[in-house]
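Read through the structure below, which is laid out as structure tokens, and then see the notes.
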Amino acid sequence: MANSPYHRSVVESPDLADGPSSSSIATVQKPQTHPPIYVTRPHLPELPGLIQYLEQIWSNRVLSNDGPLHRQLELELADYFRVPHLSLFSNGMLALMVALKAMSIEGEVITSPFSFPASTHSLTWCGLTPVFCDIEPDTYTLDPERIENCITRHTRAILPVHVYGFPCDVQKIEEIAKRHNLKVLYDAAHAFGVKYQGETLLNRGDASMLSFHATKIFNTFEGGAVVCRSREMKERMDILRNHGIVDETTISVAGLNAKMNEVQAAMGLLQLRDVDQRIQKLKALSATYNTLLGEYPGIRLPHDLPNVELNYSYFPVLIDEAEFGATRDEVYHALKAQQIFARRYFYPLISDLPAYRQLPSAGRENLPNADVISSQVLCLPIYADLEMNAVERICECITGLQR
Ligand code: T4K
């Protein structure tokens with residue numbers, strides 16, 4: 001963690017550096033500095049609410065292993081999403097891994113190279129072979145027209161990613177999966193609260209994984225969940241996440257420890273109370289970005305997606321150097337110089353990482369859309385506490401770079 005970009009940027013922040021001595025204040029005019037702006041900041045509920053839950057945990061001394069708060073959060077989330085079965089996990093990547101195991105998938109899995117590495121790492125940790133498929137240029141999600149070309153006799157599943165909460169073409173993916181008898185596990189890490197045709201996205205495919213990491217719109221410090229269609233799958237996952245334990249003397253499978261603890265669950269219960277209001281705030285911030293950046297040639301804003309209610313938790317723009325006059329990286333660095341820490345999610349492509357670049361499907365010629373989007377994308381800061389005038393400052397910085 002000491003080497004993470006987050007920590008580097010905190011250390012670099014002039015606001016956190018030692019302040020000037022009182023004598024220098026009198027003589028030196030300090031240049032105007034702004035507090036750093038990060039791509040996101042975790043939502044923190046009021047501390048007294050958490051303290052109340054901590055008191056409850058202290059009094060009953062159940063810290064983990066399917067405790068009362070854990071059970072309550074599973075029920076409340078299933079109710080919030082209106083889904084039949086939901087299991088909680090200690091983080092999103094373990095949630096993906098347990099879901100893959102519970103679905104008994106072996107062989108090749110078709111997935112997107114344009115995601116956070118955990119999407120593909122989960123396959124590798126389960127001994128599966130990732131096969132990268134290109135994405136489509138409007139939603140940055142798996143291109144269904146290309147999925148069938150990736151299918152071989154070893155293909156067993158598809159792991160599409162609702163990247164930034166932009167829904168995959170769930171209908172076409174369903175048809176392909178049916179035709180070829182494939183399982184579908186959605187990486188819905190970014191899709192909390194996203195609705196498609198008026199309903200949650202999480203009921204699509206065989207299962208969907210959510211991440212509740214600190215950086216997500218709904219966080220449990222670290223955490224995650226899997227929504228699935230069958231009771232059997234939920235029961236398998238619940239055993240797998242707890243070392244394979246069925247009862248004191250029955251250990252039915254080689255499980256692992258992927259359980260959410262009671263403090264995480266308490267955080268989740270608090271976050272759930274106002275997550276809808278946060279989504280509305282993000283929607284307003286997105287609208288301001290759209291207004292302020294909409295006129296500028298060379299900046300491509302997120303597309304309007306019909307029948308979709310987004311959660312607006314990412315604001316990805318594409319910078320086209322030829323039209324804008326500066327590269328994506330120039331914009332990224334110029335913002336950074338102003339203490340604005342936008343992020344290149346997701347660059348590099350997963351298929352370009354040392355662990356994967358030797359795969360036959362990893363060649364850039366096989367992934368032309370992903371290649372271009374990954375070289376142009378920049379996620380601008382967005383989180384519920386971000387001030388509107390910070391958005392204005394970010395947009396001024398960007399548009400001031402246009403040549
Ligand atoms: N699938 C997808 C599509 C995903 O995006 C992710 C995770 C996963 C699977 C796996 O889920 P988990 O196993 O993580 O539950 C962050 C998150 O760590 C990661 O969860 C997330 N995706 C990814 C998109 O973003 P980094 O390496 O960019 O995080 P970091 O530490 O640089 O944080 C970004 C910014 O957030 C910082 O500049 C400041 C702010 N921040 C972050 C943390 C952790 C804070 O203000 N406070 C904090 O505590 O990966």
Side-chain angles (χ1 to χ4, degrees), residues 1 3-16 34-44 91-92 114-119 140 161-166 189-194 211-219 221-222 271 275 278-279 281-290 292-293 299-302 310-319 327-350 373-399 401:
M1 198 62 183
N3 285 328
S4 91
Y6 167 52
H7 280 267
R8 275 199 303 280
S9 45
V10 169
V11 171
E12 281 161 15
S13 162
D15 297 283
L16 299 181
H34 293 280
I37 304 174
Y38 300 103
V39 69
T40 190
R41 299 246 82 183
H43 170 64
L44 297 174
N91 62 61
F114 187 70
S115 183
F116 191 64
S119 308
Y140 316 147
V161 183
H162 299 304
V163 69
Y164 313 131
F166 300 168
H190 302 173
F192 192 105
V194 175
S211 165
F212 303 152
H213 181 262
T215 53
K216 299 294 187 283
I217 185 164
F218 170 98
N219 86 76
F221 301 98
E222 293 267 2
Q271 300 257 340
V275 66
R278 286 204 295 290
I279 292 175
K281 283 191 184 160
L282 297 177
K283 187 175 182 179
L285 292 167
S286 289
T288 304
Y289 270 129
N290 278 322
L292 297 178
L293 295 175
I299 303 180
R300 206 178 103 182
L301 302 172
L310 293 170
N311 64 22
Y312 306 95
S313 54
Y314 291 84
F315 196 86
V317 296
L318 300 188
I319 311 282
T327 65
R328 181 274 311 272
D329 285 351
E330 284 168 341
V331 177
Y332 165 81
H333 287 294
L335 289 173
K336 202 170 186 179
Q338 300 293 320
Q339 298 290 304
I340 298 166
F341 299 98
R343 292 295 287 269
R344 290 166 288 190
Y345 295 136
F346 289 99
Y347 167 84
L349 288 176
I350 305 176
I373 292 160
S374 165
S375 68
Q376 295 188 341
V377 74
L378 190 62
C379 285
L380 303 182
I382 190 157
Y383 51 92
D385 304 336
L386 186 65
E387 304 284 344
M388 262 326 161
N389 62 14
V391 172
E392 287 159 12
R393 187 162 82 81
I394 294 163
C395 293
E396 268 166 34
C397 274
I398 296 173
T399 53
L401 293 166

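- Take Glu396 and apply the side chain to side chain contact (heavy atoms under 4.5 Å, CB included) test, not counting sequence neighbours, and it matches no residue.
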> After noting the C-alpha distance and the side-chain angles of Leu380 and Ile398, does the key distance pass the side-chain contact (heavy atoms from CB on, under 4.5 Å) rule?
Replying inline: CA-CA 10 Å; Leu380 303 182; Ile398 296 173; 3.8 Å; yes
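- Taking Phe218 as the reference, Phe192, Phe212 meet the ring pair (Phe, Tyr, Trp, His ring centres under 6.0 Å) condition, with sequence neighbours excluded.
- Under the salt bridge (charged side-chain N to carboxylate O under 4.0 Å, His left out) criterion, Asp329 pairs with Arg344, not counting sequence neighbours.
- Looking at heavy atoms from C-beta onward, Tyr383 lies out of side-chain contact with Val39 at the 4.5 angstrom threshold.
- Residues Phe315 and Ile382 share a closest heavy-atom pair of N-CG2, 3.8 Å.
- Ring orientation note: the planes of Tyr140 and Phe114 are nearly perpendicular, at an angle over 60° on the 30°/60° scale.
- Side chains of Tyr345 and Pro316 form no contact here, defined as non-hydrogen atoms less than 4.5 Å apart.
- In terms of the side chain to side chain donor-acceptor pair (under 3.5 Å) criterion, residue partners of Thr215 (sequence neighbours excluded) are, by chain and number, His213.
- A search for side chain to side chain contact (heavy atoms under 4.5 Å, CB included) contacts involving Leu401 returns Phe324, Val331, Ala334, not counting sequence neighbours.
- Put simply, CG on Leu293 and OG1 on Thr288 are 10.5 Å apart, with the number rounded to the nearest 0.5 Å.
- When all heavy atoms of Asn219 and Ala214 are compared, the closest pair comes out as CB-CA, 3.7 Å.
- When all heavy atoms are compared, the tightest approach of Leu386 to Pro381 is CD2-O, 3.4 Å.
- Legend: residues meeting side chain to side chain donor-acceptor pair (under 3.5 Å) with Ser374, ordered by chain and number and at least two apart, are absent.
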> What do the steps show when you test Phe166 against Leu310 for side-chain contact (heavy atoms from CB on, under 4.5 Å), and what is the final call?
Replying inline: CA-CA 7 Å; Phe166 300 168; Leu310 293 170; 3.8 Å; yes
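- Counting only heavy atoms from C-beta outward, the side chains of Tyr289 and Ile394 approach each other to under 4.5 Å.
- Taking both residues in full, the closest heavy atoms of Pro117 and Ile350 are given as CA-CD1, 3.9 Å, listed atom of the first, atom of the second, then distance.
- In this view, His190 and Tyr314, Phe346 satisfy the ring pair (Phe, Tyr, Trp, His ring centres under 6.0 Å) rule, not counting sequence neighbours.
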> Would Thr327 and Ile319 count as a side-chain contact (heavy atoms from CB on, under 4.5 Å) if you check the C-alpha gap in whole Å, the side-chain angles of each, and the deciding distance to 0.1 Å?
Replying inline: CA-CA 7 Å; Thr327 65; Ile319 311 282; over 6 Å; no
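- Expressed to the nearest 0.5 Å, how far CG of Leu349 lies from OH of Tyr347 amounts to 9.5 Å.
- For Ser375, there are no side chain to side chain contact (heavy atoms under 4.5 Å, CB included) partners at least two apart in sequence or on another chain.
- Remark: Gln271 pairs with Arg278 by the side chain to side chain donor-acceptor pair (under 3.5 Å) rule, at least two apart or across chains.
- With sequence neighbours excluded, no residue forms a side chain to side chain donor-acceptor pair (under 3.5 Å) with Arg328.
- By the side chain to side chain contact (heavy atoms under 4.5 Å, CB included) test, Ser313 pairs with Ile217, Leu282, Asn311, sequence neighbours left out.
- Applying the salt bridge (charged side-chain N to carboxylate O under 4.0 Å, His left out) test to Glu392 and every residue at least two apart in sequence or in another chain returns nothing.
- One finds the CG atom of Leu335 at 9.5 Å from the CZ atom of Arg393 (value rounded to the nearest 0.5 Å).
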> Under the side-chain contact (heavy atoms from CB on, under 4.5 Å) criterion, do Arg300 and Val317 qualify, and how do the steps go?
Replying inline: CA-CA 5 Å; Arg300 206 178 103 182; Val317 296; over 6 Å; no
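- Shown here for Lys281 and Ala384, the closest heavy-atom pair between the two residues is CD-O, 3.6 Å.
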